[in-house]
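Report on one structure; see the data block that follows.
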Amino acid sequence: MRSEDHHVTVINKKMESKIDQIDRKRVPQHIAIIMDGNGRWAKKTGHERTFGHKNALKAVRAAIEACRELGIPYLTLYAFSSENWNRPKLEVSLLMTLLAQTIQKEIKELHQNNVRLNVIGNVERLPQATLKELKKGLELTQNNTGSTLTLALSYGSKEEILSATKSIAQSYKNGEISLEEIDEQLFEQHLYTRHLPMVDLMIRTSGEERISNFLLWQIAYAELYFTDTLWPDFTHENLYEAVLNYQGRERRFGKTSEQLI
């Protein structure tokens with residue numbers, strides 16, 4: 001056996017071992033990932049930041065495949081924040097081009113795997129070429145029922161919450177709802193994520209331990225998992241480890257351990 005083949009075999013056995021430890025009946029229903037570290041990964045390899053973005057697709061595929069293998073129905077990826085528009089114009093332009101190319105390249109396989117593509121954020125700010133490919137992908141996969149992949153694009157949670165508040169205030173002003181009708185359930189119906197369940201597990205790569213304006217309402221009781229792995233190095237095994245960590249925690253939702261028992 002060649003050394004490369006032996007290395008792959010060892011990795012596969014490690015992955016199988018991780019999968020075997022996971023309780024399929026207690027996997028999170030909704031995982032959200034802050035995909036961080038592309039720039040630092042590129043610098044480590046002696047390249048410009050944009051090189052990291054170009055090499056991040058493998059990690060995206062790994063996350064999608066690992067979720068499908070574990071039967072996790074909802075995956076949300078923080079692909080481009082509302083604050084990212086402030087980055088250098090050349091980098092933003094490249095990111096938008098890469099996004100359009102990636103959707104065009106990957107959408108058929110997503111469709112074949114019965115994955116529904118979804119998007120949240122102020123997408124009207126996206127360039128027309130990117131928006132065109134995004135809309136084609138959304139239309140192609142809209143009736144798929146296997147799982148849902150949500151891309152957070154031009155997304156900012158504070159902007160989302162403010163938009164929902166304004167919408168509810170306008171409905172109240174118009175006499176469409178009463179003050180007593182305004183509750184958490186109604187508020188959630190005005191969020192971008194109204195068709196998604198609350199997040200169970202939020203993962204952030206690259207060693208940073210911040211939320212960065214991502215799904216602030218939706219992660220109210222999510223388990224937070226931070227890993228030093230830079231996003232382009234993220235693999236199936238990294239996601240399995242995050243799920244195992246999640247399953248080792250006690251989710252009390254404000255109750256005591258005794259109440260759960």
Side-chain angles (χ1 to χ4, degrees), residues 4 7-23 26-28 30-70 72 74-81 83-84 86-88 91 94-95 98 102 149-152 155-157 199-216 218-251:
E4 309 95 89
H7 181 64
V8 171
T9 301
V10 170
I11 291 175
N12 288 338
K13 285 183 177 179
K14 284 183 177 179
M15 285 175 55
E16 289 173 4
S17 175
K18 285 282 193 304
I19 294 176
D20 291 342
Q21 295 174 48
I22 294 172
D23 182 350
R26 295 194 302 116
V27 296
H30 187 181
I31 291 180
I33 304 179
I34 300 176
M35 306 180 292
D36 194 20
N38 291 347
R40 276 167 283 169
W41 182 88
K43 288 181 179 180
K44 279 178 63 178
T45 58
H47 294 84
E48 295 293 325
R49 287 175 52 82
T50 52
F51 185 73
H53 300 313
K54 291 177 181 177
N55 283 273
L57 179 57
K58 185 172 67 171
V60 172
R61 286 186 186 135
I64 295 170
E65 290 169 3
C67 283
R68 190 168 68 244
E69 289 163 359
L70 296 177
I72 295 167
Y74 295 95
L75 173 64
T76 298
L77 302 177
Y78 203 8
F80 192 85
S81 75
E83 291 82 11
N84 286 156
N86 297 318
R87 289 189 174 186
E91 182 175 347
L94 175 72
L95 283 168
L98 277 174
T102 300
L149 170 65
T150 299
L151 301 180
Y155 173 85
S157 188
V199 176
D200 296 306
L201 172 62
M202 195 283 289
I203 301 170
R204 180 168 187 151
T205 59
S206 87
E208 301 291 351
E209 298 184 0
R210 294 188 298 273
I211 305 304
S212 295
N213 198 19
F214 184 46
L215 300 174
L216 300 178
Q218 297 86 344
I219 63 169
Y221 275 101
E223 299 301 319
L224 308 183
Y225 179 84
F226 302 103
T227 173
D228 290 334
T229 302
L230 300 175
W231 179 246
D233 291 328
F234 192 86
T235 65
H236 299 71
E237 190 175 5
N238 290 121
L239 192 130
Y240 300 149
E241 288 172 350
V243 172
L244 280 169
N245 183 280
Y246 165 87
Q247 291 188 340
R249 302 186 189 186
E250 182 181 68
R251 306 190 75 202

Taking every heavy atom of Ala79 against every heavy atom of Met35, the minimum-distance pair comes out as CA-CE, 3.7 Å

Closest heavy-atom contact between Trp231 and Ala63? CH2-CB, 4.2 Å

All heavy atoms of Asn213 vs all of Gly156, minimum pair found to be ND2-CA, 3.5 Å

Going from CD on Glu69 to OH on Tyr240, what distance comes out if it is rounded to the nearest 0.5 angstrom? 3.5 Å

Counting only heavy atoms not in Glu48, do more than 12 sit closer than 6.0 Å to its CD atom? no

With rounding to the nearest 0.5 angstrom, report the CG to OH distance, Asp200 to Tyr221. 14.0 Å

Looking only at atom types and distance, does a side-chain atom of Gln247 sit under 3.5 Å from a main-chain N or O of Arg26, one as donor and one as acceptor? yes

Under the criterion side chain to side chain contact (heavy atoms under 4.5 Å, CB included), I'd like the reasoning laid out for Ile22 against Leu244: C-alpha separation, chi angles, the key distance, then a yes or no. CA-CA 6 Å; Ile22 294 172; Leu244 280 169; 3.7 Å; yes

Should Phe80 and Leu151 be marked as a side chain to side chain contact (heavy atoms under 4.5 Å, CB included) after you check the CA-CA gap, both sets of side-chain angles, and the distance that decides it? CA-CA 8 Å; Phe80 192 85; Leu151 301 180; over 6 Å; no

So, taking the atom named CG in Leu94 and the one named CD in Glu91, what distance separates them when rounded to the nearest 0.5 Å? 7.5 Å

Is there a side-chain contact between Thr45 and Asn55 in this structure, where contact means two heavy atoms from C-beta onward sitting under 4.5 Å apart? no

Step-by-step side chain to side chain contact (heavy atoms under 4.5 Å, CB included) determination, Tyr225 to Glu241: CA-CA 10 Å; Tyr225 179 84; Glu241 288 172 350; 4.0 Å; yes

Can you tell me how far CG of Asn238 sits from OG1 of Thr227, rounded to the nearest 0.5 angstrom? 5.5 Å

Should Tyr246 and Val27 count as side-chain neighbours, where that means a heavy-atom distance under 4.5 Å? no

Does the side chain of Val199 come within less than 4.5 Å of Tyr74's, by heavy atoms? no

Gap between atom CD1 of Ile72 and atom NE2 of His30 - 0.5 Å precision: 10.5 Å

If every non-hydrogen atom of Ala42 is compared with every non-hydrogen atom of Gly52, which pair is closest and at what distance? CB-N, 3.5 Å

CZ/Arg251 to CG/Leu201 distance, rounded to the nearest 0.5 angstrom? 8.5 Å

Step by step, would you call Arg210 with Asp36 a salt bridge (Lys or Arg N to Asp or Glu O under 4.0 Å)? CA-CA 11 Å; Arg210 294 188 298 273; Asp36 194 20; 5.1 Å; no

Do the rings of Tyr78 and Tyr155 sit parallel, tilted or perpendicular, given the 30° and 60° boundaries? perpendicular

Evaluate Thr235 against Lys58 for side chain to side chain contact (heavy atoms under 4.5 Å, CB included), listing each step before the verdict. CA-CA 8 Å; Thr235 65; Lys58 185 172 67 171; over 6 Å; no

For Asn84 and Ser81, indicate whether the former's side chain and the latter's backbone hold a donor-acceptor pair under 3.5 Å. yes

Asn38 and side chain to side chain donor-acceptor pair (under 3.5 Å): which partner among Arg49, His53, Lys43, Lys54? His53

Would you name the heavy atoms of His236 and Ala66 that are closest together and state the gap between them? CD2-N, 4.0 Å

For a 4.5 angstrom cut-off between non-hydrogen side-chain atoms, does Glu208 reach Ile34? no

Can you classify the ring geometry of Phe51 versus His47 as parallel (below 30°), tilted (30 to 60°) or perpendicular (above 60°)? parallel

Passing option when Met202 is tested against Ile211, Thr76, Ile31, Ile33 for side chain to side chain contact (heavy atoms under 4.5 Å, CB included): Ile211

